[in-house]
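Counting convention: from 1, in listed order, for ligands and their atoms alike.
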Amino acid sequence: MPTTETLLIDGQGVSASDGGTFDVLDPSTGETIAIVAEATAADIDRAVASARRALESPAWGGLAPAERGRIMWRMAHAIRERAEELATLESRDNGKPLRQARTDVQVAARYFEFFAGIADKIMGHTIPLGPGFLDYTVREPIGVSAQIVPWNYPIQIGARGVAPALAAGCSVVLKPSSEAPMTALRLGEIGLACGLPPGAFNVVPGTGSVAGVALASHPDINQLTFTGSVEVGIAVARMAAGNVVPVVMELGGKSPNVVFADADMDLAVAGVANAIFQNAGQTCSAGSRLLVERGARGALVERLAAKAKAMRIGPGVSDPDMGPIISKRQLETIERYVAIGVEEGASVAAGGSRPADRSLRGGFYFQPTLLDGVAPGMRVAQEEIFGPVLAILEFGDLEEAATLANRSEYGLVAGVWTRDINKAMALASRIKAGQVYVNTYGAGGGVELPFGGYKKSGYGREKGLESLASYTQVKNVCVKFA
Ligand code: NAD
């Protein structure tokens, strides 16, 4: 039986102003798991007004920073207490294997924990002007933070933006994706149960074209964090610019994993496979381009193909190696890209189609896929596919590796696999990306590490201490005294 879900505005579960709802499907089976209230522009107005009141109220705006931190510690604790329930819900909503959903839930808890500890350490400076002056800076909350997030890591990405915003003293309106809104609603409830006053954290599921547009163009938000595609990001940034609202843009990627012949190949095979097949490749930072040194290519492709073919595909909650794609539409996009790759001259070294298993027919599955013999100019080497499809290219030397790695309009993450520290350091400094990993890829969610894009992967940084810059604004006070 599908559950019924409301919006969370001003501390209350409420229906949409026009009574509208949308169905949320389990991508593993195609069945409806929930009927969710669909926020209208009027609902977004109510949510923003509520966030504004919270910001100006003694209950939230007037709270001591350490007290904000305490509420957030409780949220981290509550998320961990409900970990299994939240992971199962995330797995059904998004399709990801249960153990990946469990990791996501732990990472979400970790965001609240990490930023809870920072709430009372957001400090300013004193600036020496000489005798007779005291000049200091204060980092004030930027105000009402609007957050628009995608469907691929709903609880993780929700927590990633909400936690630093609350730590800084902002109030939040979170719009999850209509494809996977469930755990964002649970986060909102957890916040209330842990002591957030009404309006400090509102959750308004809805479509991009109505709720998303209403939120991004709202004249009374003070900041916007957008995580999603480049195309929508550009539209959203334009809307925010109309109200002079600053934006954090976390967009797509086509991240390279560069493997040298001298790499520890056991480590590289595991790392490269995980970087593309985790979450069925629906990860902004997926290592979707493999750049391999010429002499090592044959053996590496063979090992990756064996690994891909051995992966168990199935419903997320049965905890397979890989779950389904989020939707039929996204599945068809992936199929289209594989066909384009083959037309362009690439060869399929593993996968390339939907699995034959008839028991999976109801869901939106695609096999882990390797496209070998990809040339740098091909569309499959340049465009984000957002599925379990690895484009494999080769290079001759470090110079060519650096050129290929940077031959992309994106610049989110890169991986380098080598035993030679000099090669690793040379590439780390030359690759134009917000984050470079050496002999690893991803680091347990990377809560502590600043994350964000170069080039069309976006701007601004989330995660780590860097993210506080987006949720605070600096006031300078200059005092002259006799
Ligand atoms: P999307 O851009 O279609 O949607 C993202 C969010 O924007 C959703 O909540 C959606 O409802 C909303 N939206 C859609 N149209 C809108 C509009 N016109 N105005 C306002 N809001 C609108 O992206 P998606 O399909 O949900 O997610 C996949 C994309 O997200 C990929 O490109 C991926 O790389 C990117 N992503 C980036 C990061 C990162 O941190 N850099 C993380 C995850 C996903």
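- Between V232, L412, V236, it is V232 that holds the heavy atom closest to atom 15 (N) of ligand 1.
- Protein heavy atoms all stay at least 4.0 Å away from atom 4 (O) of ligand 1.
- Any N or O atom pair closer than 3.5 Å counts here, and T207 shares no such pair with ligand 1.
- Taking the centre and axis of the six-membered ring of Y153, the NZ or CZ atom of K96 falls inside the cone set by 45° and 6.0 Å.
- Contact annotation: the side chain of I190 approaches that of L86 to within less than 4.5 Å [non-hydrogen atoms, C-beta and beyond].
- When side chains are defined from C-beta on, N202 does not count as touching L174, because their heavy atoms never get closer than 4.5 Å.
- Considering backbone and side-chain atoms alike, F386 places every N or O at 3.5 Å or more from each N or O of ligand 1.
- Between V204 and I44 the shortest side-chain heavy-atom distance falls below 4.5 Å.
- Considering backbone and side-chain atoms together, S457 places no N or O closer than 3.5 Å to any N or O of ligand 1.
- Ligand 1 has a nitrogen or oxygen under 3.5 angstrom from a nitrogen or oxygen of R160.
- Below 3.5 Å of separation, one finds no N or O of T283 facing any N or O of ligand 1.
- Side chains of R186 and E85 form a contact here, defined as non-hydrogen atoms less than 4.5 Å apart.
- Checked by distance only, ligand 1 and E384 come closer than 3.5 Å through their nitrogen or oxygen atoms.
- E90 and T88 share no donor-acceptor pair across their side chains, judged by distance under 3.5 Å alone.
- Not a single heavy atom of Y153 sits closer than 4.0 Å to an atom of ligand 1.
- A cation-pi arrangement, defined by a distance under 6.0 Å to the six-membered ring centre and an angle within 45 degrees of its axis, is absent between K432 and Y454.
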Working note: W73 + F114, criterion ring-ring contact (aromatic ring centres under 6.0 Å, His included); need CA distance, chi angles, decisive distance, verdict. CA-CA 9 Å; W73 287 115; F114 179 84; over 10 Å; no
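- Counting heavy atoms only, G208 comes closest to atom 14 (C) of ligand 1 of the residues G452, G208, S327, G212.
- When only interatomic distances are considered, the shortest N/O to N/O separation between A216 and ligand 1 does not fall below 3.5 Å.
- The closest approach between a heavy atom of M239 and any atom of ligand 1 is below 4.0 Å.
- Ligand 1 does not have E231 within reach: every non-hydrogen atom of the residue lies 4.0 Å or more from it.
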